[in-house]
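Heads up: the structure comes next, in structure tokens.
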Amino acid sequence: MATPLSAVPLLAWLALAGVAPGGSSMSSSAGPIGQVRSDMSERPALIALAPARGGKPKTPAPAPAPEPTLAPPTYGPEQAAADIEVVLTGRGKDYLQARARLEQHADVAAPRVTARLAATPAPTMPEQRRLLALLGGIARPEDIPLFADAMRREVAAAVKQSQEQGVELPAAEPWREILRAQGPAAAPALTGLVAEKTFSEELRGLLLADLVAVTPADKLPELVALVGLGAPSLRAALRQAIVRRAHSSPAERAQLIQVVDAALAAREPARLPGLVLLRAALGGAGDTAFTTRAAALAEDTAGEFATRVAAIRVLVARRSDPATQTVLARLAEQHLPADQRTALRSEILGSLALAGLDATRAAAVVDRLQLMSAAAPRLATTAFAVAALPPSGAWLEVGQRHAWPEVRAAALARVEAPCSTAILRRLRDGTVTRGDTFEPDAAVAREVLVALGRCGGPDAFAALQAVVVDAEQNVDRRAEAARQLVDRHGSAGADVVAAVLRSSDDLGVALRLVRALQRLEGPASDDVRQALCAAGKRQELATSAQRAVRGLFPDLDDPCAGG
């Protein structure tokens, strides 16, 4: 019976292969795996492997015992103190390794870090930041109030150093990040920071968003209870944060919808508008059930005014629904007749509904009720935005005679090419520096020039040129005319601006003209190059002019060489 090779001792297997002890010093024989060659140099090793003849196999010598592994030294207070000093003074790899060891041995490190914070002499402000950041990595709930206090100190110091707006946000950001990293345990501290009256509403809104992000799911109803309360900016921040949280988790979204629906059923007047807006954002445009509910609230004449406004805004956001269009049209017809729109609340409700109507319905309402000539600026502005305007241009004259500048601007915003002769004439009249068509409002005067730019063509070009060359014109209006010439008329407009730049002694005007020329996107002429090079010789204009000429002539090594 054949013996499996796996059961054959090594020497026996070699014998089967044709190599036997005591054989010749060089032999070759056929074995199971073919020709096998053996010589004397192989024999000592083979003999050593073979058992002694007539005796038992040799017992191999025992392997040396492994050397004992030394246990790592215990991380104690001395090592923690040394690592804290590295964290305070070190950089790079040493700092990272020391901080990692401290965070790994939090039970030893944390008490010593807090003791170092309270030590005398007190750590410097940069040292405090490093120590508190280290505690943030250790993440002990009892240290969270320290991070909140650090934020208060940093923000107060930033505000004291600079009274500019927005300085609070960079100062607070590192501590906001640390607090967010603590998770739900940070909620009480964030609640206190949101209530910090010394903080700006912008910062408090960001902290409110942080609070919503770390609040446990079972506590979200407590946040819904705050919807509709507090300052308007904070109310909006809370709604937005809750919506973000809801849309990150289908389960939490469903839970919040149930909570908000229950709150809506309670009909608390102060909270109802905010709850309506929140519920709409949670459900989305496809939530037809809530669309129907919002329509009922919008048409409820006995309802609170603010709630009706919120409901109409929901309908406007969902204007693609045909049923919603029907409700909005009904509201517009109800609130915008001449005898109704004299009441402020009726005017507001009607204007909101009108803004949500489709183009055909809106134009019909505006035309039938003559809303472009309405005295109320909100209503007239909305009317100009949605009306169907005839090409004759008579509507522009009506708009430019309105007492309110926002209405005049809304009418100008509807000007688009091709412009009729009547529209171009009225726009030119709006650029004069005196007389009954002079536009005193700077924002509206700018819109006149922008409208001329949109018209295009030689007549508009001539009107803009007349403004930019007129030394009696306000510098802002000359600058806007220059921008329109460059943006709308390309190289030809830039040549006009360049000519005015070369002849202008007014530094303020010259600087605005240089900036207008920088906007040119097409090829620039040599006249533009020479004008910018000449401006670059004036110390006050040098930087802007040199930047402009390099940008417009990138292929020239020295655009101003020789002139």
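Here the structure is a predicted model, which is why all the values come from computation and not from measurement.
Across all their heavy atoms, A332 and L357 have their closest contact at CB-CD1, 4.3 Å. L541 approaches A535 most closely through the heavy-atom pair CB-O, 3.4 Å. Across all non-hydrogen atoms, the minimal contact from V227 to R271 is O-NE, 3.0 Å. For S392 against S420, the heavy-atom pair with the smallest separation is O-OG, 3.6 Å. Taking each heavy atom of V366 and A387 in turn, the nearest pair found is CG1-CB, 3.8 Å. Summarising the geometry of A417 relative to C455, their closest heavy-atom pair is CB-O, 3.6 Å, with the distance given to 0.1 Å.
Crowding of D505 atom CG: a count of heavy atoms from other residues, nucleotides or ligands under 6.0 Å not exceeding 12. Dense packing is recorded around CD of E173, with more than 12 heavy atoms of other residues, nucleotides or ligands lying under 6.0 Å away. Other residues, nucleotides and ligands contribute over 12 non-hydrogen atoms within 6.0 Å of the CD atom of E540.
Between L412 atom CG and R454 atom CZ the span is 8.0 Å, to the nearest 0.5 Å. We find the SG-CG distance between C419 and L424 to be 5.0 Å, quoted to the nearest 0.5 Å. We find the CG-CD distance between D441 and E447 to be 10.0 Å, quoted to the nearest 0.5 Å. Put simply, CG on L206 and CG on L211 are 12.5 Å apart, with the number rounded to the nearest 0.5 Å. Residue L452 holds its CG atom at 5.0 Å from CG of L464, rounded to the nearest 0.5 Å. Residue L354 holds its CG atom at 6.0 Å from OG1 of T382, rounded to the nearest 0.5 Å.
Here the options are R478, R477, Q484, the test is side chain to side chain donor-acceptor pair (under 3.5 Å), and the partner is E480; only Q484 passes. Among V509, L513, D527, the single residue meeting the side-chain contact (heavy atoms from CB on, under 4.5 Å) criterion with L501 is L513. Put simply, the residue from R319, R318, R313 that forms a side-chain contact (heavy atoms from CB on, under 4.5 Å) with V316 is R319. The one candidate from R180, R176, Q182 that meets the side-chain contact (heavy atoms from CB on, under 4.5 Å) condition with I178 is Q182.
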- Message: Set out, in order, the CA-CA distance, both residues' side-chain angles and the distance that settles salt bridge (Lys or Arg N to Asp or Glu O under 4.0 Å) for E472 and R434, then state yes or no.
- Response: CA-CA 10 Å; E472 294 185 5; R434 61 183 63 85; 3.0 Å; yes

- Message: Please evaluate residues S233 and E201 with respect to the criterion side chain to side chain donor-acceptor pair (under 3.5 Å), reporting the C-alpha separation (whole Å), side-chain torsions for both, the decisive distance (0.1 Å), and the verdict.
- Response: CA-CA 7 Å; S233 63; E201 288 191 3; 2.4 Å; yes

- Query: Do E202 and E168 pass the side chain to side chain contact (heavy atoms under 4.5 Å, CB included) test, and can you show the C-alpha distance, the side-chain angles, and the key distance before you say yes or no?
  - Reply: CA-CA 9 Å; E202 183 179 11; E168 294 176 313; over 6 Å; no

- Candidate pair V475 and D506, rule side chain to side chain contact (heavy atoms under 4.5 Å, CB included), full reasoning: CA-CA 10 Å; V475 60; D506 187 316; 5.7 Å; no

- Please assess R426 against E397 for the test salt bridge (Lys or Arg N to Asp or Glu O under 4.0 Å), listing each intermediate value before the final yes or no. CA-CA 7 Å; R426 188 62 184 84; E397 182 64 35; 2.8 Å; yes

- Hey, mind stepping through L207 and M151 against side chain to side chain contact (heavy atoms under 4.5 Å, CB included) and telling me if it holds? CA-CA 11 Å; L207 292 166; M151 181 189 293; 3.9 Å; yes

- Message: Run the side chain to side chain contact (heavy atoms under 4.5 Å, CB included) test on R378 and L344 for me, step by step, so that the C-alpha distance in whole Å, both residues' side-chain angles and the decisive distance to 0.1 Å come before the verdict.
- Response: CA-CA 10 Å; R378 180 187 297 103; L344 179 60; 3.9 Å; yes

- salt bridge (Lys or Arg N to Asp or Glu O under 4.0 Å) between D526 and R529, intermediate numbers included: CA-CA 5 Å; D526 194 59; R529 181 189 66 80; 2.7 Å; yes

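In terms of modelled atom types and a separation under 3.5 Å, the side chain of T437 and the main chain of D429 share a donor-acceptor contact. The backbone N or O of P322 sits less than 3.5 Å from a side-chain atom of T326, completing a donor-acceptor pair. Listed for the S346 side chain is no donor-acceptor partner under 3.5 Å among the backbone atoms of T342. S162 contributes no side-chain N or O that, together with a main-chain N or O of V159, makes up a donor-acceptor pair within less than 3.5 Å. Under the 3.5 Å distance criterion, the side-chain polar atoms of R204 are matched with a main-chain donor or acceptor of V194. With hydrogens and angles ignored, the 3.5 Å screen pairs a side-chain donor or acceptor of Q325 with a backbone N or O of G356. The backbone N or O of R428 sits less than 3.5 Å from a side-chain atom of T431, completing a donor-acceptor pair.
Remark: H335 pairs with no residue by the ring pair (Phe, Tyr, Trp, His ring centres under 6.0 Å) rule, at least two apart or across chains.
Between W395 and F384, the ring planes lie tilted relative to each other; the angle falls in the 30° to 60° range.
At a threshold of 4.0 Å, the pair E299-R308 does not count as salt-bridged, since none of the basic side-chain nitrogens sits closer than that to a carboxylate oxygen. Looking at R408 and E439, a side-chain N of the basic residue comes within less than 4.0 Å of a carboxylate O on the acidic one, giving a salt bridge. Taking 4.0 Å as the cut-off between side-chain N and carboxylate O, D287 and R279 count as a salt-bridged pair.
The cationic atom of R488 (NZ for Lys, CZ for Arg) does not lie both less than 6.0 Å from the six-membered ring centre of F461 and within 45° of the ring axis.
Residues F290 and V314 are in side-chain contact: their nearest non-hydrogen atoms beyond the backbone lie under 4.5 Å apart. Q530 has its side chain within reach of R502: a pair of non-hydrogen atoms, C-beta onward, lies under 4.5 Å apart. Taking the side chain as every heavy atom from C-beta outward, W175 and V155 never approach each other to under 4.5 Å. Considering only heavy atoms from C-beta on, L349 stays 4.5 Å or farther from L331 through its side chain. Between Q340 and Q334, the closest side-chain pair of non-hydrogen atoms is not below 4.5 Å. Under the 4.5 Å side-chain criterion, counting only non-hydrogen atoms from C-beta, L193 is in contact with L179. Residues V450 and R483 are not in side-chain contact: their nearest non-hydrogen atoms beyond the backbone lie 4.5 Å or more apart.
Between the side chains of T198 and E196, at least one donor N or O sits under 3.5 Å from an acceptor N or O.
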